[in-house]
K.L.:
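First the structure, which I've put down as structure tokens, then a few questions once you've had a look.
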Amino acid sequence: MSEESGSLNPDTVGEKISAISDGSQVISTGRAIGTRVSEFVRESYCYRWLTKEPDPDIIVIDLRETYTVGPFITLLDTLIPHIEDAWNQSRVESTASRVFERLSEEVFDPLAETRGYELVVSVLAPPEPPERERTVADDPEPDEDEPS
């Protein structure tokens, strides 16, 4: 078939589309915007965090797969449910629970009302965290401009 018969040659169509798109202000503006958005995304913290290579110094070892600790963990996984059932049904557990309840009621509760107890609690209590405003600029990685 010849060009005069109205058939379209794919190479000719591609060339015409390229010629039209190269001269189009809308398409060149769209490409420029796309390039800027792509640069912005690639430079963003989230993108860098998601695409960061893992730290080679961090090694995770599943102890269940080791020869030395693995069998011990398997043994504990097998025995603990049986030991727990035996403990819950034993007289030692019920006695220990009653002793702890009585100590709690007769020793620890009255002790909590003394000034010495309040002083010890105030000394050993962790401090309140300082309040500060959280801003958008808060970044878990320290900036190069900021001193650490």
Side-chain angles (χ1 to χ4, degrees), residues 1-90 93 96-97 100-101 103-105 107-148:
M1 297 181 123
S2 68
E3 290 184 39
E4 296 172 4
S5 67
S7 67
L8 296 175
N9 184 354
D11 294 333
T12 307
V13 172
E15 290 173 7
K16 288 185 179 187
I17 291 175
S18 292
I20 292 170
S21 67
D22 288 342
S24 170
Q25 186 67 27
V26 172
I27 292 177
S28 63
T29 303
R31 286 181 182 157
I33 291 171
T35 302
R36 298 289 269 168
V37 168
S38 177
E39 290 173 0
F40 177 74
V41 168
R42 285 192 183 111
E43 294 299 320
S44 71
Y45 172 76
C46 186
Y47 179 84
R48 286 183 287 137
W49 181 75
L50 288 171
T51 59
K52 181 173 65 171
E53 290 292 322
D55 189 0
D57 295 337
I58 298 175
I59 299 172
V60 178
I61 299 173
D62 186 3
L63 293 177
R64 289 185 173 99
E65 296 177 3
T66 63
Y67 291 116
T68 55
V69 180
F72 182 69
I73 292 175
T74 303
L75 179 67
L76 287 177
D77 285 342
T78 304
L79 291 178
I80 285 178
H82 300 294
I83 293 171
E84 183 180 16
D85 290 340
W87 173 256
N88 289 335
Q89 296 173 5
S90 73
E93 188 274 335
S97 294
F100 178 75
E101 286 175 19
L103 277 174
S104 177
E105 292 171 359
V107 176
F108 299 128
D109 288 344
L111 182 64
E113 298 171 6
T114 64
R115 289 183 43 83
Y117 177 81
E118 291 173 5
L119 178 64
V120 170
V121 168
S122 66
V123 169
L124 297 178
E128 291 292 324
E131 291 188 28
R132 66 180 185 98
E133 290 186 24
R134 184 167 176 85
T135 62
V136 177
D138 284 347
D139 195 2
E141 292 181 356
D143 290 336
E144 296 171 359
D145 299 337
E146 293 181 0
S148 296

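FYI, side chains are in, hydrogens and waters are out, and symmetry mates aren't considered; it's all heavy atoms of this structure.
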K.L.:
Report yes or no: do E93 and S97 form a side-chain donor-acceptor pair below 3.5 Å?
P.N.:
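Yes, S97 and E93 have a side-chain donor paired with an acceptor closer than 3.5 Å.
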K.L.:
Please table the atom pairs, donor to acceptor, closer than 3.5 Å between any side-chain atom in residues 67-82 and protein atoms at least two apart or in another chain.
P.N.:
residue: T74; atom: OG1; partner: G70; partner atom: O; Å: 2.9
residue: T78; atom: OG1; partner: T74; partner atom: O; Å: 2.9

K.L.:
Please find the pair of heavy atoms, one from E43 and one from R48, that lie closest to each other, and give the distance.
P.N.:
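What the structure gives for the nearest pair is O-NE, 3.3 Å.
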K.L.:
S38 and R42: side-chain contact (heavy atoms from CB on, under 4.5 Å), yes or no, with the steps?
P.N.:
CA-CA 6 Å; S38 177; R42 285 192 183 111; 2.7 Å; yes
K.L.:
Quick check: does any side chain N or O of S90 sit under 3.5 Å from a backbone N or O of W87, one acting as donor and the other as acceptor?
P.N.:
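Confirmed, S90 side chain pairs with W87 backbone.
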K.L.:
Roughly how far, to the nearest 0.5 Å, is OH of Y47 from NZ of K52?
P.N.:
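Between K52 NZ and Y47 OH, I get 14.5 Å after rounding to 0.5 Å.
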K.L.:
Working note: T35 + E39, criterion side chain to side chain donor-acceptor pair (under 3.5 Å); need CA distance, chi angles, decisive distance, verdict.
P.N.:
CA-CA 6 Å; T35 302; E39 290 173 0; over 6 Å; no
